[in-house]
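Quick notes on the structure that follows.
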Amino acid sequence: VIASLHGTPADEAVALTNRAACYSKLGDTAASEADCRRAVGLAPLYAKAYSRLCASLPAEHDDAAPAAAAAVALSLPQPPSAELRALYDAAAAVASTRSLGLPVELSQLSIASTTAKCTAALMHGAKLVVLRPGAYKYYQPVASFALVGLGSVELSSINKSHAVNVTEGITVQLINLALVGHDNAAAACVVDGTLRLIGCSVRDYEGAGVLAAGPSAQAYLVSCAFERCAKMAVEVREGASVEAYDCLVQGCKQGFNAYGGARSLVLKGCTILRCTNEGVFASGSVQNAHRTREERQGEYVPPPFLTVPNAVSLAAEAWGRERCCALSLSVTDCNISSNCSLGLSCDNGCQAEVRTSSFEWNDPYSVLVKGNSDVSIAACRFVFAGKSSTSWWAQKGGGSALKLAGVHVAINYGGDVQVVGCAFAGAEELAVE
């Protein structure tokens with residue numbers, strides 16, 4: 001009925017927001033939320049749509065804090081109503097690794113429409129800046145801060161490098177932004193500090209999406225999208241840790257790549273589809289004595305189908321082995337499917353738990369385990385049906401007759417592999433081999 005009124009998008013947004021208030025009075029918070037989200041999409045600068053969206057959500061919801069911040073910022077310089085202030089305070093009180101941290105003092109919240117105004121606000125003590133639709137350049141901070149985008153907001157590098165680069169032990173939070181890097185640099189990088197991305201995207205980019213590298217580097221990715229990146233979507237190395245929740249990775253060269261001393265990788269509710277290489281590559285820093293001796297004596301010759309690692313990768317692997325870093329991997333409620341060179345690869349002492357996830361049509365194996373890795377797989381679903389592999393990994397390795405399979409355990413030395421309560425659609429002999 002509302003759409004048939006043939007008004008402007010702003011008119012429709014007002015009508016939807018008013019109807020959302022009615023739904024809320026009736027106790028139908030799901031319908032209220034749906035109308036508010038439609039209203040925000042139609043009129044991204046309409047404050048009331050954000051306040052009512054926040055009211056329709058639990059305070060701990062991922063979108064509650066950004067909605068509260070947007071509603072307050074769009075009302076400036078007027079102070080928020082008592083109801084809105086209560087919603088803001090409730091969202092600010094939530095402490096979670098996957099939610100936006102709000103400043104307690106509203107004087108630390110600002111709104112900007114240009115890079116210059118955003119930079120000025122941060123330099124004058126703002127901890128959170130709400131950005132109106134447009135294109136912005138990244139400000140290199142000296143203190144922790146957050147940016148919340150309204151509508152279509154693009155953030156790019158001011159010096160033709162990373163769109164965001166976190167150093168100096170600070171925390172940077174970016175919400176609802178499209179990130180654009182330059183010159184093959186990762187779109188977002190954290191080397192010392194904490195990076196939190198919520199609802200952000202990296203699309204059609206020639207480099208990696210996110211790079212976390214360094215013992216003090218942490219990244220939390222929530223409802224982010226990485227599509228058609230020419231390198232990996234997320235790279236983790238040299239002591240860093242990453243947690244990703246409800247993220248989409250699609251059509252990238254590689255999905256999540258944790259290696260070279262990476263400390264931990266947690267994936268929950270993520271969808272990883274159609275990567276050219278592995279959907280998830282998890283390689284610890286444990287190397288068997290025979291391989292180590294071969295390398296030290298110059299006798300090791302890598303298989304011809306392996307990609308020659310670059311100097312950065314070699315340095316990271318040496319860094320991890322020198323420190324005997326253990327890699328912990330957790331995969332829960334994920335969909336890892338149609339990847340062209342393994343769905344999930346666990347190698348070199350990776351300690352992995354894989355739970356309640358779906359693996360379909362990964363070529364040639366949905367899960368590969370080797371190199372003294374301890375892997376527990378439970379309540380997962382595998383679809384492979386015994387088709388012949390067409391991946392470059394199989395072809396270059398001389399495996400033209402290789403069949404798609406579920407779980408493949410290669411030379412795993414003393415590693416322990418447990419597969420419990422899983423369902424396999426395919427030839428029984430290829431389910432676990």
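Just so it is clear, the structure is predicted and the values come from calculations on it, not from any experiment. Basis for what follows: all heavy atoms, side chains included, without hydrogens, waters or symmetry-related copies. We number each residue from 1, following the sequence as shown.
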Open item on the list: Testing the basics here: between L402 and P364, what is the closest heavy-atom pair and its distance to 0.1 Å?
Closed with: CD2-CB, 3.4 Å

Open item on the list: Quick one, V172 and S144 - any side-chain contact, counting heavy atoms below 4.5 Å?
Closed with: no

Task: Test item: H162 side-chain N/O and V164 main-chain N/O as donor-acceptor pair under 3.5 Å - done: no

Task: Closest non-hydrogen atom pair, S75 against A47 - done: OG-CB, 4.1 Å

Task: Least distance between heavy atoms, L329 atom then A282 atom - done: CD2-CB, 3.8 Å

TODO: Verify side chain to side chain contact (heavy atoms under 4.5 Å, CB included) between D35 and R38, making sure each step is shown before the conclusion.
DONE: CA-CA 5 Å; D35 273 358; R38 286 180 60 194; 4.3 Å; yes

TODO: Check whether any side-chain heavy atom of Y50 sits under 4.5 Å from a side-chain heavy atom of P44, and report yes or no.
DONE: yes

Task: Close side-chain approach of N362 and L404, heavy atoms under 4.5 Å - done: no

Task: Which atom of A258 lies closest to which atom of L327, heavy atoms considered - done: O-CD2, 3.8 Å

Task: From R237 atom CZ to W319 atom CH2, the distance as rounded to the nearest 0.5 Å - done: 10.5 Å

Open item on the list: Check whether Y220 forms a cation-pi arrangement with R98 (NZ or CZ under 6.0 Å from the six-membered ring centre, at most 45° off the ring normal).
Closed with: no

TODO: Kindly compute the distance separating NZ (K268) from OG (S357), expressed to the nearest 0.5 Å.
DONE: 11.0 Å

TODO: Without swapping roles, check the side chain of S216 against the backbone of D192 for a donor-acceptor pair under 3.5 Å.
DONE: no

Open item on the list: As a quick check of understanding, evaluate salt bridge (charged side-chain N to carboxylate O under 4.0 Å, His left out) for E360 and R381, giving each step before the final call.
Closed with: CA-CA 8 Å; E360 297 185 22; R381 175 176 178 267; 2.2 Å; yes

TODO: Answer yes or no: is there a donor N or O on one side and an acceptor on the other, between the side chain of T119 and the main chain of A116, under 3.5 Å?
DONE: no

Open item on the list: Taking CD in E428 as the centre, count heavy atoms belonging to other residues, nucleotides or ligands within less than 6.0 Å. Is the count above 12?
Closed with: no

- [ ] Would you please say whether a donor-acceptor pair under 3.5 Å links the side chains of S389 and D363?
- [x] yes

Task: Between OG1 on residue T276 and CE on residue M232, distance to nearest 0.5 Å - done: 12.0 Å

Task: Side-chain heavy-atom pair L273, S338 within 4.5 angstrom cut-off - done: no

Open item on the list: Nearest 0.5 Å, please: how far is OH in Y136 from OG in S113?
Closed with: 5.5 Å

Open item on the list: Using a 3.5 Å distance criterion without hydrogens, assess whether the side chain of E243 forms a donor-acceptor pair with backbone atoms of L267.
Closed with: no

Task: side chain to side chain contact (heavy atoms under 4.5 Å, CB included) evaluation trace for I377 with R355 - done: CA-CA 6 Å; I377 305 170; R355 299 286 185 270; 5.7 Å; no

Open item on the list: Pair L150, L131 - check side chain to side chain contact (heavy atoms under 4.5 Å, CB included), show working.
Closed with: CA-CA 6 Å; L150 303 182; L131 303 179; over 6 Å; no

Task: Side chain Q254, main chain C252, donor-acceptor under 3.5 Å - done: no

- [ ] Using modelled atom types only, decide if a donor and an acceptor are shared between the side chain of H124 and the backbone of A120 within a distance under 3.5 Å.
- [x] yes

- [ ] Mind running side chain to side chain contact (heavy atoms under 4.5 Å, CB included) on I336 and V280 for me, showing each step along the way?
- [x] CA-CA 8 Å; I336 303 175; V280 180; 4.0 Å; yes

Open item on the list: Under a plain distance cut-off of 3.5 Å, with no hydrogens placed, do E227 and Y205 share a side-chain donor-acceptor pair?
Closed with: no

TODO: Report yes if the side chains of F281 and L344 come closer than 4.5 Å at any heavy-atom pair, otherwise no.
DONE: no

Task: Option passing side chain to side chain donor-acceptor pair (under 3.5 Å) with S283 (candidates D347, N257, N348) - done: N348

Task: Minimum-distance pair of heavy atoms, taken over all atoms of N339 and C275 - done: OD1-N, 2.9 Å

- [ ] Taking the side chain as every heavy atom from C-beta outward, state whether L430 and F384 have any pair of such atoms under 4.5 Å apart.
- [x] yes

Task: I175 vs Q173 side-chain heavy atoms within contact, under 4.5 Å - done: yes

Task: Spatial distance of atom CG (N335) from atom CD1 (I272) [nearest 0.5 Å] - done: 8.5 Å

Open item on the list: When you measure from the side chain of N412 to the backbone of S373, do you find a donor-acceptor pair of N or O atoms at a distance under 3.5 Å?
Closed with: yes

Task: Minimum side-chain heavy-atom gap C380-F382 below 4.5 Å - done: yes

Task: Where V166 and I170 come nearest, the two heavy atoms and their spacing - done: CG1-O, 3.6 Å

Open item on the list: I'd like to know whether CD of E206 has more than 12 heavy-atom contacts from other residues, nucleotides or ligands below 6.0 angstrom.
Closed with: yes

Task: K127 side, atom NZ; S107 side, atom OG - distance, nearest 0.5 Å - done: 10.5 Å

TODO: Could you verify whether a donor N or O on one side chain and an acceptor N or O on the other, from Q418 and D416, lie under 3.5 Å apart?
DONE: yes

Open item on the list: Pairing donors with acceptors under 3.5 angstrom, does anything connect the side chains of T356 and D333?
Closed with: yes

TODO: Assign the ring pair F145 / Y138 to parallel, tilted or perpendicular, where the plane angle (0 to 90°) is split at 30° and 60°.
DONE: tilted

Open item on the list: Is it the case that atom NZ in K137 sees more than 12 heavy atoms from other parts of the structure closer than 6.0 Å?
Closed with: yes

- [ ] For the pair S241 and R263, evaluate side chain to side chain donor-acceptor pair (under 3.5 Å) and give the outcome as yes or no after the intermediate values.
- [x] CA-CA 5 Å; S241 63; R263 184 167 71 248; 3.3 Å; yes

